[in-house]
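The structure appears below as structure tokens.
Residues take their numbers from the sequence shown, with the count starting at 1. Just so you know, these numbers come straight off a predicted model, no measurement behind them.
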Amino acid sequence: MAQGIVYKRRVGDRKIVSSDVREIFDDWQDQQERWMFVSPHDDDVVIGAGLTVQTGLAEGAEVHVVITTDGRMGYCRLPQRRTIIRIRADEAQEAYRTLGLPPERIRALGFPDCNLNAYRGRHFTTIGDPTEIEGASGLQNAFPYVLRQVRPTRVFLPTPTDLHPDHKIVYEEMLISLFHAQGSIWPELGPPIQKVPVVYEYATYCDFPEPPQIQLVVPGEFHERKLNAIRCFASQEQIEVLVEVQRRTGPIEYLRQVAFNFYSPEKYSHLFE
């Protein structure tokens, strides 16, 4: 157990308060814990889940971050228009290093920023395309591939209620990709994962669709590292505004665990009796 972290979880009308992560996170896998944070843009996980990333590391989990887009639309000055992809990539490496994540745990998928709608699903593409993996492209190609490579026990996604369409699309495409990754479809993307990981939402800019069940309260040094990591994205000239918002919030983050509601005709039969 990590020192100085307090977890709180709502379970119905009851609240659990504990310093033991195993009491809060379902189906804890001890030494096999792997956490995969999916970031639509390079800074989203830092802003929305920078404390949770550090918590995973402190609890001994193997932590990975998947950055979906290349940041090409993130320039604030005209001279950056042709260089912003490289600038953002360098900033992201420094930001996640600040949180304690080594470069080999960061995967950049390179999909075009603000144009993810064209990459829904899966399609065959030209070998050498920047988004090509095993002769195909699309989010439902890249996400199952990464899931089968990392084989996470937990996946963290942006809220589906975020106004940015990239966030909504990443959320939707990852959920269906979880089930592709567990099945035998598209064997060139790797062996199927054994089970669907537990899924959580983190909030970056917009609120959760329903109240979160989990609160993390972490030591002050975690919070300072998060603020310093956000500052690494200096090319985003409004970044100090985000730093101040996070400073006022304090060393706290929230997670909403996602429940998959599969269709079962039996649950409606009583309505017609």
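- Remark: the Asp43 side chain and the Gln236 side chain contain no N/O donor-acceptor pair separated by less than 3.5 Å.
- Rounding to the nearest 0.5 Å places CD of Gln246 at 7.5 Å from CG of Leu51.
- Atom CD of Gln31 has 12 or fewer neighbouring heavy atoms from other residues, nucleotides or ligands inside a 6.0 Å radius.
- Under the 3.5 Å distance criterion, the side-chain polar atoms of Glu132 are matched with a main-chain donor or acceptor of Gly128.
- A side-chain donor-acceptor contact under 3.5 Å links Ser235 and Glu91.
- Inspection of the Glu173 and Gln140 side chains reveals an N or O donor paired with an N or O acceptor under 3.5 Å.
- Between atom CZ of residue Phe233 and atom CD1 of residue Ile239 there is a gap of 7.0 Å, rounded to the nearest 0.5 Å.
- Shown here is Arg22, whose CZ atom has no more than 12 heavy atoms of other residues, nucleotides or ligands within 6.0 Å.
- Sorted by first and then second residue, the ring-ring contact (aromatic ring centres under 6.0 Å, His included) pairs involving residues 170-198 (not counting sequence neighbours) are Phe179-Phe260, Phe179-Phe262, His180-Trp186.
- When the shell of 6.0 Å around CG of Leu78 is examined, it contains 12 or fewer heavy atoms from other residues, nucleotides or ligands.
- For the 3.5 Å distance criterion, the side chains of Gln29 and Asp27 qualify, holding a donor opposite an acceptor.
- Sequence neighbours left out, the pairs with a member in residues 138-170 that pass ring-ring contact (aromatic ring centres under 6.0 Å, His included) are Trp35-Phe156, Phe37-Phe156, His41-His164, His41-His167, Phe156-Tyr200, His164-His167.
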Could you go through the side chain to side chain donor-acceptor pair (under 3.5 Å) check for Gln149 and Arg107 one step at a time? CA-CA 11 Å; Gln149 293 286 310; Arg107 295 167 183 253; 4.7 Å; no

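- Other residues, nucleotides and ligands contribute only 12 or fewer heavy atoms inside 6.0 Å of the CD atom of Gln3.
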Would Asp113 and Arg72 count as a salt bridge (charged side-chain N to carboxylate O under 4.0 Å, His left out) here? Give the steps. CA-CA 6 Å; Asp113 190 6; Arg72 68 179 65 186; over 6 Å; no

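- Glu253 pairs with exactly one of His223, Gln215, Lys226 by the side chain to side chain donor-acceptor pair (under 3.5 Å) rule, that one being Lys226.
- Using modelled atom types, one finds no donor on one side chain facing an acceptor on the other under 3.5 Å when comparing Ser18 with Asp20.
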